[in-house]
Structures are given as structure tokens and as C-alpha cells.
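Computed from heavy atoms alone, side chains included, the values below leave out hydrogens, waters and symmetry copies. Note that the structure is a prediction, hence the values are computed from the model and not measured.
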Amino acid sequence: MENLYYGKIVPHEYEVERGSEYDVTAKLVIRHEQELSATLTEQQKAILEKIKDNHTELMSLGERDAFCKGFSLAVRLMIDAMNGKL
């Protein structure tokens, strides 16, 4: 808990294993984005950057909500286990 409190554990950051499904998919997204960007005007590139920023913010909000829900579920399971309900 101390590590989490002092910021030594950052729940939303993790290492991606090379060759994993996540790694392969992320590389595809980057490649397709680069191919698309090469065909866009400067104004369209600016719009694409805004879309990417908004998407990143949405993903961050979703991860935060999932963490909170998962943490709440874990606490309820611990309470039930301690009360002998499991």
C-alpha cells in the first residue's frame, strides 16, 4: 500500500510484452495512422491529432472507471470472505 501511496506503483502503466496481441495491434494502429497521415492536408492532420487526444482521454477515463469498479468488487469480495459468506 505504501508503494501505491507514494507513487511507486502506477496502476495504469504496464509493460507490453513484445509480440503479444496488444503489441501487434498497437503497431498496426501506428502503421495505419502513419499511412493515413501521409495523405492528409495540414488541417486534416490537426483534426486527426485532436481525435487522437480525445481518444486517449476517453481511454484514460475508461481505465480509471474499470480500476475503481474492480477495486470496489475486490473490497466487497474481501468483506464477504471475512464474514464467511464465500
Side-chain angles (χ1 to χ4, degrees):
M1 290 303 288
E2 280 185 31
N3 287 336
L4 183 60
Y5 178 80
Y6 289 110
K8 294 178 184 174
I9 298 174
V10 184
H12 62 276
E13 290 183 4
Y14 53 91
E15 290 190 27
V16 175
E17 185 178 323
R18 189 173 292 230
S20 67
E21 185 178 3
Y22 187 93
D23 180 48
V24 171
T25 304
K27 287 178 181 175
L28 283 172
V29 169
I30 292 168
R31 188 182 86 213
H32 293 310
E33 178 191 331
Q34 289 172 340
E35 290 173 0
L36 177 63
S37 289
T39 67
L40 300 177
T41 66
E42 289 305 312
Q43 182 180 15
Q44 291 169 329
K45 287 179 184 179
I47 293 170
L48 179 60
E49 283 302 313
K50 289 178 185 178
I51 291 170
K52 288 172 27 184
D53 290 343
N54 294 147
H55 184 261
T56 299
E57 187 174 348
L58 277 174
M59 295 298 292
S60 180
L61 292 171
E63 288 176 4
R64 183 197 66 199
D65 290 346
F67 176 81
C68 291
K69 288 177 183 175
F71 189 85
S72 294
L73 176 60
V75 169
R76 284 186 295 208
L77 289 171
M78 288 183 351
I79 290 170
D80 284 350
M82 295 178 99
N83 289 332
K85 294 182 181 178
L86 288 181

Problem set entry | H55 NE2: over 12 foreign heavy atoms closer than 6.0 Å | no
Problem set entry | Pairs flagged by salt bridge (charged side-chain N to carboxylate O under 4.0 Å, His left out) wherever residues 38-48 is involved - sequence neighbours left out | E42-K45
Exercise. CG/D53 to CG/L58 distance, rounded to the nearest 0.5 angstrom?
Worked result: 11.5 Å
For this session: Answer yes or no: are there more than 12 heavy-atom neighbours, outside Q43 itself, under 6.0 Å from its atom CD?
Result: no
Problem set entry | Under 3.5 Å side-chain donor-acceptor pair for E63 and S60 | no
Problem set entry | CD on E33 to CD1 on I51, rounded to 0.5 Å | 10.5 Å
Exercise. Is there a side chain to side chain contact (heavy atoms under 4.5 Å, CB included) between T39 and E35 once you walk through the steps?
Worked result: CA-CA 7 Å; T39 67; E35 290 173 0; over 6 Å; no
Problem set entry | Member of V75, I79, L73 meeting the side chain to side chain contact (heavy atoms under 4.5 Å, CB included) criterion with L77 | L73
For this session: Carefully, step by step, assess L48 and K52 under the rule side chain to side chain contact (heavy atoms under 4.5 Å, CB included).
Result: CA-CA 6 Å; L48 179 60; K52 288 172 27 184; 4.3 Å; yes
Seminar exercise, completed: Separation between CG (L28) and NE2 (H32), nearest 0.5 Å, reads 5.0 Å
Exercise. Among the clusters formed by ILVMFWY side chains lying less than 4.5 Å apart, do F67 and M59 turn up in the same one?
Worked result: no
For this session: Only pairs at least two apart or in different chains count here, so list each side-chain hydrogen bond (donor to acceptor under 3.5 Å, both in side chains) that has a residue in residues 17-28.
Result: D23-K27
